[in-house]
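Accompanying notes for the structure given below.
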Amino acid sequence: MLQILDNMEILRNLTSTFPTFLLTGIPGLETVHTWISIPFCCLYAIALSGNSMVLFVIITQQSLHEPMYYFLSMLSATDLGLTVSTMLTTLAILWFNAREISLDACIIQMFFLHGFTVMESGVLVAMSFDRYVAICYPLRYTTILTNSRIIQIGLLVIIRTVVLIVPLLLLLKPLYFCKANVLSHSYCYHPDVIKLACSDTRANSICGLIDLGLTTGVDTPCIVLSYILIIRSVLSIASPEERHKAFSTCVSHIGAVTIFYIPMMSLSLVHRYGLSAPKVVHSMMANTYLLLPPVLNPIIYSVKTKQIRRAILRLLPTK
């Protein structure tokens with residue numbers, strides 16, 4: 001019976017211009033998907049409420065209308081976008097086993113998923129530049145990072161995202177799919193989709209490598225360079241107390257960079273070199289890659305940033 005269904009799926013994709021893909025939940029644990037959905041729901045709730053709270057306090061509290069917090073609001077907005085872009089399909093699989101997704105719906109999801117990922121990388125670079133200016137040029141901080149310049153940086157991050165992601169996704173439309181199109185994750189992931197194509201995907205792979213080089217390949221060295229200059233500047237400060245104070249302003253950003261890039265690089269390595277790894281490992285890595293930053297970023301900034309913590313506590317009801 002299963003073989004017949006597989007053959008029907010292959011036939012449908014052979015005879016249709018609009019192939020259908022099957023998303024995958026947690027392989028091998030399909031019978032307990034309902035129970036698995038509980039921690040997923042908790043994590044999504046933390047990500048949505050935490051980032052919404054950070055956005056709300058920055059918008060409503062006049063004391064937080066400073067460059068550092070504007071960039072933090074951008075980070076929270078991208079984390080909200082990342083959470084929403086995968087939440088619907090993941091919960092639909094865990095609750096209702098709704099696995100089917102069309103190519104067009106897949107492309108739309110990839111636009112938001114990869115788009116918000118590229119945006120988050122760009123925002124992290126902007127935040128490292130903010131810390132560099134604040135520590136190395138404190139007297140010129142407000143004159144360098146003016147409101148108009150922050151808007152320009154935000155627009156640049158958005159424009160870069162659109163320019164990189166749109167061609168990558170448009171190249172998917174001409175591809176020919178003739179296999180049983182079962183994806184490895186509970187959402188559409190570009191390297192996962194092009195692996196299923198029967199036509200030539202060299203253009204897709206080249207475009208993907210160019211995008212990777214212009215995002216991670218550019219952003220990571222920029223962040224590292226910023227911190228090299230910050231460390232050099234901080235070490236020239238005579239007072240140990242002032243050194244500690246300067247470094248402490250960077251702790252939250254370092255945490256955000258770590259929880260964003262490490263899972264992303266780990267998932268990329270698993271996709272390229274971990275083909276023999278169990279499917280459940282691929283699935284858990286994929287979900288960790290997307291859930292970890294939105295869940296932990298609000299917690300890190302609330303705990304480590306005194307102004308954010310105070311603003312949140314003021315909003316909470318008191319006895």
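Below, all heavy atoms of this structure are taken into account, side chains as well, without hydrogens, waters or symmetry copies.
Residues satisfying the side-chain hydrogen bond (donor to acceptor under 3.5 Å, both in side chains) criterion with Asn147, sequence neighbours excluded, are absent altogether.
Side-chain contact check for Glu100 versus Leu23: every heavy-atom pair is 4.5 Å or farther apart. Within the 4.5 Å cutoff, no side-chain heavy atoms of Arg309 are placed close to those of Thr305. In this structure, the side chains of Gln61 and Tyr69 stay at 4.5 Å or more apart for every pair of heavy atoms. Residues Thr161 and His114 are not in side-chain contact: their nearest non-hydrogen atoms beyond the backbone lie 4.5 Å or more apart. The shortest side-chain heavy-atom distance between Val193 and Cys106 falls under the 4.5 Å cut-off. Taking 4.5 Å as the limit, some side-chain heavy atom of Cys250 sits within range of a side-chain heavy atom of Ile230. For the pair Arg314/Val57, no side-chain contact is recorded, criterion being any heavy-atom separation below 4.5 Å from C-beta on. With contacts defined as side-chain heavy-atom distances shorter than 4.5 Å, the pair Phe260/Leu292 does not qualify.
Expressed to the nearest 0.5 Å, how far OG of Ser76 lies from CD1 of Ile59 amounts to 9.5 Å. Put simply, CZ on Arg149 and OG1 on Thr143 are 8.5 Å apart, with the number rounded to the nearest 0.5 Å. Note that CD of Glu120 is 9.5 Å distant from CE of Met264, once rounded to the nearest 0.5 Å. To the nearest 0.5 Å, atom CE of residue Met74 and atom CD1 of residue Ile58 are 10.5 Å apart. Annotation: the span from Leu313 atom CG to Lys306 atom NZ amounts to 13.0 Å, rounded to 0.5 Å. Here the CD1 atom belonging to Ile231 is positioned 5.5 Å from the CZ atom belonging to Phe247, to the nearest 0.5 angstrom.
Annotation for Thr83 and Ala47: closest pair OG1-CB, 3.7 Å, computed over non-hydrogen atoms. Shortest non-hydrogen contact noted between Leu175 and Ala197 is CD1-CB, 4.0 Å. A pairwise comparison of heavy atoms in Tyr289 and Pro263 identifies CA-CB, 3.7 Å as the closest pair. Asn297 and Ile259 get closest at one heavy-atom pair: OD1-CD1, 3.2 Å. Listed here is the closest heavy atom pair of Asp192 and Leu196: O-CG, 3.8 Å. Heavy atoms only, all atoms of each residue included: Ser186 and Thr90 are closest at OG-OG1, 2.9 Å.
By the 30° and 60° cut-offs, the orientation of the rings of Phe112 relative to Phe116 is parallel.
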**Audit row: Tyr301, Leu75, side chain to side chain contact (heavy atoms under 4.5 Å, CB included) steps and yes/no** = CA-CA 11 Å; Tyr301 276 94; Leu75 184 67; 4.0 Å; yes
**Prompt:** side chain to side chain contact (heavy atoms under 4.5 Å, CB included) between Leu155 and Gln152: does it pass, once the steps are laid out?
**Reply:** CA-CA 5 Å; Leu155 288 174; Gln152 289 170 359; 5.8 Å; no
**Request:** For Val123 and Leu72, run side chain to side chain contact (heavy atoms under 4.5 Å, CB included): C-alpha distance rounded to whole Å, both residues' side-chain angles, the deciding distance at 0.1 Å, then the answer.
**Result:** CA-CA 8 Å; Val123 170; Leu72 177 56; over 6 Å; no
**Request:** Assess whether side chain to side chain contact (heavy atoms under 4.5 Å, CB included) is satisfied between Ile165 and Val118, documenting all intermediate values.
**Result:** CA-CA 9 Å; Ile165 298 300; Val118 171; 3.9 Å; yes
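Ile135 and Val251 end up in different hydrophobic clusters when Ile, Leu, Val, Met, Phe, Trp and Tyr side chains are linked at under 4.5 Å. Val162 and Val218 are assigned to two separate hydrophobic clusters, defined by single-linkage of ILVMFWY side chains at heavy-atom distances under 4.5 Å. Cluster membership for Leu172 and Leu168, using ILVMFWY side-chain heavy atoms within less than 4.5 angstrom, is not shared. In terms of hydrophobic clustering, with Ile, Leu, Val, Met, Phe, Trp and Tyr side chains grouped at heavy-atom distances under 4.5 Å, Val163 and Leu214 are assigned to different clusters. Both Ile194 and Val166 are part of a single hydrophobic cluster, where members link through side-chain heavy atoms under 4.5 Å apart.
Side-chain N or O atoms of Gln307 include none that pairs as donor or acceptor with a backbone N or O of Leu64 at under 3.5 Å. Side chain of Thr24 to backbone of Leu183: a donor-acceptor contact under 3.5 angstrom is found. Remark: side-chain polar atoms of Ser236 are paired, donor with acceptor, to backbone N or O of Ser233 under 3.5 angstrom. Under a 3.5 Å cut-off, the side chain of Asn51 and the backbone N or O of Asp79 do not form any donor-acceptor pair. A donor-acceptor pair under 3.5 Å links the side-chain atoms of Ser283 to the main chain of Gly25, judged by distance alone. With Tyr44 contributing its side chain and Leu291 its backbone, the two residues share no donor-acceptor pair below 3.5 Å. Between the side chain of Asn204 and the main chain of Leu171, a donor-acceptor pair closer than 3.5 Å is present. The backbone N or O of Ser49 lies less than 3.5 Å from no partner atom in the side chain of Ser52, so there is not a single donor-acceptor pair. A distance-only check finds no donor-acceptor pair linking the side chain of Thr220 to the backbone of Gly217 [under 3.5 Å]. Between the side chain of Thr78 and the backbone N or O of Met119 there is no donor-acceptor pair closer than 3.5 Å.
In the displayed structure, Arg310 atom CZ is contacted under 6.0 Å by at most 12 heavy atoms of other residues, nucleotides or ligands. With a 6.0 Å radius and a threshold of 12 heavy atoms from other residues, nucleotides or ligands, His65 has its NE2 atom above the threshold.
Residue pairs satisfying the ring pair (Phe, Tyr, Trp, His ring centres under 6.0 Å) criterion with at least one member in residues 125-174, sequence neighbours excluded, are listed as follows: Tyr132-Tyr137.
For His253 and Tyr227, the gap between ring centers is short of 6.0 Å.
Between Arg160 and Asp219 there is a salt bridge, since a side-chain N of the basic residue sits under 4.0 Å from a carboxylate O of the acidic one.
A donor-acceptor contact under 3.5 angstrom links the side chains of Gln109 and Thr89, judged on distance only.
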